Amino acid sequence: MKKLLLIIGIITICSCSSSDEETKVELEVNLNPPEWIIGTWISQDVGSNDFGWKFETNNAIQIVEGGDNGWNLKETATGILNGYDDLTNQNQVIVEDITNDSYSVKVTFYDTRPSMITYFTYKFVKISDTEIQWVTAPTSINPLTMTKQ
């Protein structure tokens, strides 16, 4: 009987793992631009090349001069969210405000730790079905009018 208890004890001790490794679940940001803003919006007012935004059903991508994709809002926010152990949900990084004629996205950037934060708000206002204004555009032309392509 002692041998049986000893064997069971050894099996129990050997089968238990004391691994301290935690698997972090990758979190993803989900954007929800309103239907009226979905598409590509370009301004000809900044330089001689295309500049604007491309809105998808779950993302917003800034278009830099020359028509290339620039800053990808979803990828950036997802990277921020997964870069800090203290962040547990997308609302800590990105908050949307959606109405029938405006769409704004507030992005929180963390600098080395979540206690040091910077906010940027990107706000767009619908002028018509073919024109919007980027109200918070970081250009000398503010607000920046963009036309749907």
Side-chain angles (χ1 to χ4, degrees), residues 10-149:
I10 290 172
I11 291 172
T12 302
I13 291 171
C14 292
S15 66
C16 294
S17 173
S18 63
S19 174
D20 290 335
E21 284 187 38
E22 288 185 31
T23 305
K24 183 174 180 181
V25 176
E26 290 291 313
L27 302 170
E28 185 173 321
V29 170
N30 293 304
L31 294 168
N32 303 292
E35 187 64 35
W36 60 262
I37 203 168
I38 303 296
T40 302
W41 301 84
I42 300 295
S43 172
Q44 299 298 327
D45 295 335
V46 179
S48 59
N49 297 310
D50 294 340
F51 183 79
W53 285 85
K54 178 169 70 173
F55 294 93
E56 300 171 343
T57 56
N58 65 351
N59 200 1
I61 302 165
Q62 186 176 17
I63 299 169
V64 295
E65 290 192 59
D68 296 325
N69 288 344
W71 189 58
N72 185 311
L73 190 57
K74 182 175 181 172
E75 284 180 8
T76 301
T78 298
I80 294 167
L81 180 60
N82 287 300
Y84 294 93
D85 292 335
D86 294 347
L87 303 180
T88 58
N89 66 73
Q90 78 174 36
N91 293 332
Q92 291 174 286
V93 177
I94 197 158
V95 176
E96 295 173 291
D97 185 23
I98 302 168
T99 70
N100 289 334
D101 62 357
S102 72
Y103 175 60
S104 85
V105 181
K106 179 182 177 184
V107 184
T108 303
F109 292 90
Y110 295 89
D111 182 15
T112 68
R113 61 184 186 271
S115 62
M116 300 178 72
I117 56 178
T118 303
Y119 301 99
F120 289 99
T121 301
Y122 301 88
K123 184 173 183 178
F124 305 90
V125 175
K126 179 179 180 181
I127 305 303
S128 70
D129 289 341
T130 59
E131 279 191 334
I132 63 172
Q133 286 186 330
W134 180 6
V135 179
T136 57
T139 67
S140 60
I141 305 166
N142 199 347
L144 183 66
T145 299
M146 296 180 287
T147 305
K148 192 166 191 174
Q149 303 300 294

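Keep in mind that this is a model prediction, so the values were computed, not measured.
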Task: Shortest non-hydrogen contact between Val64 and Phe51, atoms and distance - done: CA-CD1, 4.1 Å
Open item on the list: Would you compute the distance between atom OG1 of Thr78 and atom CG of Asn72 and round it to the nearest 0.5 angstrom?
Closed with: 8.5 Å
TODO: Identify the residue among Val29, Ile61, Val107 that makes a side chain to side chain contact (heavy atoms under 4.5 Å, CB included) with Leu73.
DONE: Val107
TODO: Please step through side-chain contact (heavy atoms from CB on, under 4.5 Å) for the pair Ser102 and Lys123, ending with a clear verdict.
DONE: CA-CA 7 Å; Ser102 72; Lys123 184 173 183 178; 4.3 Å; yes
Open item on the list: I'd like to check the side chain to side chain donor-acceptor pair (under 3.5 Å) partners of Thr108; sequence neighbours left out, ordered by chain and number.
Closed with: none
- [ ] Step by step, work out the side-chain contact (heavy atoms from CB on, under 4.5 Å) result for Leu27 and Gln90.
- [x] CA-CA 8 Å; Leu27 302 170; Gln90 78 174 36; over 6 Å; no
Open item on the list: Using every non-hydrogen atom in the two residues, find where Leu31 and Ala60 come nearest and quote the distance to one decimal.
Closed with: CD1-N, 3.8 Å
Open item on the list: Is the distance between the ring centroids of Phe124 and Trp41 under 6.0 Å?
Closed with: no
- [ ] Check the pair Lys74, Glu28 against salt bridge (Lys or Arg N to Asp or Glu O under 4.0 Å), reporting the backbone distance first and the verdict last.
- [x] CA-CA 8 Å; Lys74 182 175 181 172; Glu28 185 173 321; 2.9 Å; yes
Open item on the list: Side chains of Asn32 and Asn58 only: does a donor on one sit below 3.5 Å from an acceptor on the other?
Closed with: no
Open item on the list: Once rounded to the nearest 0.5 Å, what's the spacing between atom NZ of Lys148 and atom OG1 of Thr40?
Closed with: 8.5 Å
Task: Any donor-acceptor pair under 3.5 Å from Glu56 side chain to Lys54 backbone - done: no
Task: Polar contact flag, side-chain donor to acceptor under 3.5 angstrom, Trp71-Thr76 - done: yes
